[in-house]
Amino acid sequence: MLGQLFAALWDSQSHPGVIQPGYEPGIVLTHLALRCSALYLGVPLVVYFTYLFHEMSTLSRLSPPAFSCEAGEFLEMSAQECTQCAAGTYSLGSGIRFDDWETIPSGFSSLATYLDNGPHGDDSSTCNSSTWFPQGSYLESNRDECTVSLIYAVHLKKPGSVSFDYQYPDGNLFFEFFVNLKSGTNILYWRTAGILIGAKVVKPVLLKNVHIEGVAYASECFPCKPGTFSQTPGSSSCQPCPRDTHSGHGASSCTPCNTTTLYAPEGSAECKARPPCSKKDYFQIHTPCDLEGKTQVTYRWVEPQICLVDVAGAETLPPSGDREPCPPCNPGFYNNDTATCSPCPPGTFSDGVKACESCPAGTEPAVGYQYKWWNVLPASMKTSCFNVGNSKCDGMNGWEVAGDHIRSGAGGSDNDYLILNLHVPGFKPPTSATGGAGTEFGRISFEFEMVCSADCELYFMMDVNRKSTRVVASWEGSKVRQSYTHIMTKNASVSYTWAFQRTNQASDVRQNVNNVASIYSISVSNAVDGVSSECQTCALLSQPSGSLCVPCPPGHYIHTSQCTECPPNTHLTSHSTLGPEACKPCGPSSKSNKEHSRCYSDCVFSYSENNVSLSFDYSSLGSVGTLMNGPSFTTKGTKYYHLFNISLCGGEVHTHTHTDLTIFKETGEPANAVETLICQSTIIPSSGRGFHTALSSQSISLADTFLGATVALTLDGVKARPDLFPQTTNKVPDVNFFYRSLEVTSSCDKGRNVVVTLRCNPDRGTQGELTVPSQCPAGTCDGCTFHFLWESSGACPQCTSTNYHQIEGACKGGLQDTLYVWTEPKRCVGGVSLPEKKTWPCESMDFLVKMGATIGAFTAALLFSITCYFWKKNKRLEFKYSKLVMSSNKECELPGADSCAVMEGEENEGEMEDEVVYSKKTSLIRKLKAIASRGNGRSYENVQLNSSQSNGLVWG
């Protein structure tokens with residue numbers, strides 16, 4: 001943003017102003033604030049922008065008029081009248097200018113504090129030597145992590161302003177300007193605070209040309225600083241001395257140098273000796289094509305030439321090379337037998353060699369830029385040289401064409417910024433794609449190489465709608481030939497800038513001219529004012545005779561010259577691909593939006609294994625998850641946090657802005673908002689001293705494309721790392737959400753990747769807890785793949801009928817209850833609910849018990865009665881038998897057959913017959929008795945008795 005002016009006019013209120021890029025003069029800055037989605041301890045976060053080169057901030061306000069002198073005059077106190085300044089001096093009248101920084105001017109003070117105490121206690125003593133350093137024509141800020149404030153107090157009496165030039169190149173350094181201009185005493189603050197995260201040193205802010213308007217009067221005239229002069233009395237400024245002249249302090253004229261042996265750049269305070277010429281004093285160029293179509297390599301002295309050729313040891317210019325045929329025109333241009341290349345007319349195309357041709361029916365030109373031959377600088381590009389510390393390279397070319405590439409120029413000193421700029425007024429997608437709502441409007445690709453022996457750096461920057469310039473990517477040190485691509489996701493006017501610096505160390509001479517950056521090709525697609533190198537197929541009108549290209553509706557691809565909608569759950573990758581191949585399927589568990597421009601998760605995930613199906617609904621986790629991780633500490637103890645915002649599911653891409661004080665244009669669009677799925681900011685909390693505000697870096701997009709969700713550990717080349725997180729005994733599988741960024745970086749040539757692992761944890765709330773690996777507190781271990789673990793009860797599967805069981809109650813009063821309870825531990829949420837308690841009719845257990853007891857008692861009594869009856873019967877028979885045996889043994893003879901079993905005094909014969917037991921076998925009792933009798937030495941005889949009722953009666 002070279003020489004861009006930024007202004008902020010006051011309204012009737014008093015507001016602190018923070019420098020913001022990209023606003024034209026006349027915009028009113030009010031104290032508008034966009035609250036960040038996450039605040040650290042309730043302290044608003046202020047966003048700070050990284051931007052490069054010369055910018056100015058002017059603030060003014062009306063206040064009641066007061067007595068003052070005109071410019072070129074001062075108030076002579078004794079006479080109380082305005083007097084003209086003498087020659088060699090100047091006065092702004094009601095203004096103050098500070099452009100001499102040999103020392104810090106009177107009234108300025110530098111206050112250093114440590115931004116925050118680290119874990120080692122109070123380290124504020126380490127900042128005692130930190131200050132703003134005067135460097136002659138500018139001030140340089142500190143290069144460490146200390147917070148250093150440059151303070152100046154001024155008393156304003158009339159409408160005024162504050163303006164200054166500054167250079168702010170490093171994103172590891174935060175730079176603020178605080179002002180609260182009002183009538184009366186005002187205090188101006190310039191504050192810098194570095195944070196060294198993986199960096200050894202920060203690049204300082206350079207400040208110069210501080211101009212304050214609105215003071216009542218000048219009480220004295222200021223002498224011109226060395227290198228300037230004022231020739232006439234009443235001057236309001238001093239003019240720099242011309243080249244090869246010099247002047248001292250308060251000079252009214254400049255003294256010429258002896259140009260034979262001495263030289264002096266413009267605005268010099270002294271003459272310097274001319275050194276012998278060396279290889280560092282000339283550079284190589286390719287001459288433009290002549291009328292014969294020839295070019296040659298020639299060498300030129302760096303202008304202005306300060307070296308001497310005719311001295312011992314001096315180098316001379318090498319001879320020019322042979323005249324060679326000019327390279328062909330760039331694609332989209334043609335050479336009509338002239339020395340210059342002209343763009344093809346609209347509707348035609350050319351490869352740069354052949355003449356321009358019209359596109360055939362059914363096609364249209366693919367407009368854009370394709371610069372791969374560098375005989376002359378294209379009309380849409382400009383080059384310059386800038387250094388806020390000196391003006392030696394002003395007017396020089398920062399880059400020089402070299403046939404098949406363009407390379408960085410010599411510059412005036414090693415720390416110059418060599419600028420190459422390409423302006424694209426807008427983008428024009430192909431006709432058949434204009435109806436779509438895709439995320440790509442165009443892209444820029446370039447191929448480059450860096451050869452460095454010092455700490456060189458190449459910046460690639462982008463300024464959208466002349467609002468703010470931001471560093472898109474940067475590379476340090478030597479780099480092999482490689483390509484870089486940036487995709488434009490909005491249609492806007494864009495200025496692309498390449499800035500090369502050979503070294504960050506301040507230098508007035510060229511010591512590292514061999515540090516060179518080369519760009520071989522630059523291509524921009526869909527540029528609105530571009531040319532065409534080829535034709536592309538488009539959709540035609542449906543009429544048979546139609547040959548006019550028509551736009552396709554969103555989500556449609558071109559097939560056989562007709563618009564065809566992409567299948568469900570596919571997304572349209574590019575209109576440059578014809579046929580169904582233009583529609584790529586979405587990843588697992590993802591679906592496309594209605595425009596088929598992107599794939600997203602609808603918060604629903606299903607998983608089946610071993611006949612077990614699990615369904616998840618992550619909508620309860622919220623649309624955006626926030627993690628403030630830390631604190632972490634730099635090598636010097638500065639505390640900082642990493643703030644992450646994660647959009648888990650949903651079809652919309654969220655805008656993340658970690659800004660509390662944000663300036664809006666009339667459109668209400670916040671400056672430097674990041675539209676992405678996952679973003680990161682680095683937060684430095686307030687130190688509690690000085691200004692009570694925290695610092696935040698610009699948000700960085702980590703992922704803008706959803707790849708899919710799965711329980712697998714790898715998807716599309718992105719690998720999850722479950723070993724980075726604590727293991728779990730939970731039987732519910734972890735679900736991995738995979739994301740990718742479309743933009744590559746200098747350290748991640750394939751872009752950044754993000755894996756968000758969702759884990760079911762019933763002990764966590766619905767929002768759950770986001771964590772990063774303990775061994776990788778920044779969320780990444782390699783700088784390219786970020787890993788997050790999101791534990792939540794909302795990450796548990798939906799409940800089903802398999803997650804509960806039933807319990808049956810006792811039958812009471814003829815009724816029985818059935819209850820349903822969750823199986824513990826419960827690992828599910830939502831889904832089906834527990835069924836209501838059910839009551840069933842049943843038979844009472846008391847009646848059955850009583851009936852059973854009665855039947856049992858009766859059966860027991862019956863058995864007891866039968867047992868007693870047979871026992872008595874048996875005893876009676878034994879008695880009779882015993883008496884019979886005894887009587888037979890006593891008489892030594894057997895009784896008669898007719899009276900064998902009948903004794904006198906016994907019952908009648910009929911009854912006796914009924915009591916006799918007849919058997920054909922020997923009973924068990926009789927056998928036992930027989931055995932017992934043999935054991936006692938007795939013997940008995942068994943006699944078979946005959947009866948009229950039985951064939952055999954046995955006893956013994």
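Counting from 1, the numbers follow the sequence of the chain as shown.
For the atom pair CG (L648) and CZ (F737), the distance works out to 4.5 Å, reported to the nearest 0.5 Å. Atom-to-atom distance recorded for I646:CD1 and L702:CG is 8.5 Å, nearest 0.5 angstrom. One finds the OG atom of S589 at 13.0 Å from the CG atom of L707 (value rounded to the nearest 0.5 Å). Once rounded to the nearest 0.5 Å, the distance linking CZ of F786 with CZ of F788 reads 7.0 Å. Note that CG of N753 and CG of L715 are 10.5 Å apart. Values are rounded to the nearest 0.5 Å. Note that the CZ atom of R740 and the CZ atom of F706 stand 13.0 Å from one another [nearest 0.5 Å].
When the SG-SG distance for C586 and C599 is compared with the 2.5 Å cut-off, it comes out below that value.
Of all non-hydrogen atoms in F738 and A720, the two that sit nearest each other are CE2-N, 4.1 Å. Considering every non-hydrogen atom in both Y557 and C583, the closest pair reads CD2-SG, 3.3 Å. Of all the heavy atoms in S601 and C649, the pair that sits closest is O-CB, 3.2 Å. Nearest heavy-atom pair, P733 versus L614, reported as atom, atom and distance to 0.1 Å: CD-CD1, 3.8 Å. Scanning all heavy atoms of the two residues, the minimum distance from P797 to R827 falls at CD-O, 3.3 Å. Considering every non-hydrogen atom in both G830 and Q798, the closest pair reads C-OE1, 3.9 Å.
Of the possible polar contacts, none joining the S681 side chain to the H642 backbone as a donor-acceptor pair under 3.5 Å is found. A donor-acceptor pair under 3.5 Å is formed between the side chain of S793 and the backbone N or O of R764. Between the S592 side chain and the T570 main chain, a donor and an acceptor come within less than 3.5 Å of each other. Side-chain atoms of D782 come within 3.5 Å of backbone N or O of C784 as a donor-acceptor pair. Side chain of Q816 to backbone of G809: a donor-acceptor contact under 3.5 angstrom is found. In this structure a side-chain-to-backbone donor-acceptor pair under 3.5 Å is present from N736 to A712. Side chain of T780 to backbone of T785: a donor-acceptor contact under 3.5 angstrom is found. Here the side chain of E595 pairs no donor or acceptor atom with the backbone of L572 at under 3.5 angstrom.
Within a 6.0 Å radius of CD in Q775, other residues, nucleotides and ligands contribute more than 12 heavy atoms. Under a cut-off of 6.0 angstrom, the local environment of NZ in K719 is sparse, with at most 12 non-hydrogen atoms contributed by other residues, nucleotides or ligands. Within a 6.0 Å sphere centred on CH2 of W822, heavy atoms belonging to other residues, nucleotides or ligands number more than 12.
Two residues are said to be in side-chain contact when any heavy atoms from C-beta on lie closer than 4.5 Å; C781 and H787 fail this criterion. Considering only heavy atoms from C-beta on, N803 stays 4.5 Å or farther from T823 through its side chain. In this structure the side chain of V494 reaches within 4.5 angstrom of the side chain of M462, judged on heavy atoms. Put simply, the side chain of Y484 does not reach to within 4.5 Å of the side chain of Q482, judged on heavy atoms.
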- Item | Working for side chain to side chain donor-acceptor pair (under 3.5 Å), residues N645 and S647 | CA-CA 7 Å; N645 273 356; S647 300; over 6 Å; no
- Task: Show your working on disulfide bond (SG atoms under 2.5 Å apart) between C796 and C828 and close with a plain yes or no.
- Result: CA-CA 5 Å; C796 295; C828 65; over 6 Å; no
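In summary, of the residues considered (T757, N761, T728, N730), a side chain to side chain donor-acceptor pair (under 3.5 Å) with E791 occurs for N761 alone. For the side-chain contact (heavy atoms from CB on, under 4.5 Å) criterion with H571, the lone passing option out of K584, K591, R598 is K584.
Under the salt bridge (charged side-chain N to carboxylate O under 4.0 Å, His left out) criterion, D723 pairs with R721, sequence neighbours left out. In this view, F616 and F605, Y618 satisfy the ring pair (Phe, Tyr, Trp, His ring centres under 6.0 Å) rule, not counting sequence neighbours.
Side-chain N/O atoms of D617 and S615 include no donor and acceptor closer than 3.5 Å. At a cut-off of 3.5 Å, with distance as the only test, a side-chain donor of T839 or D817 sits close to an acceptor on the other residue.
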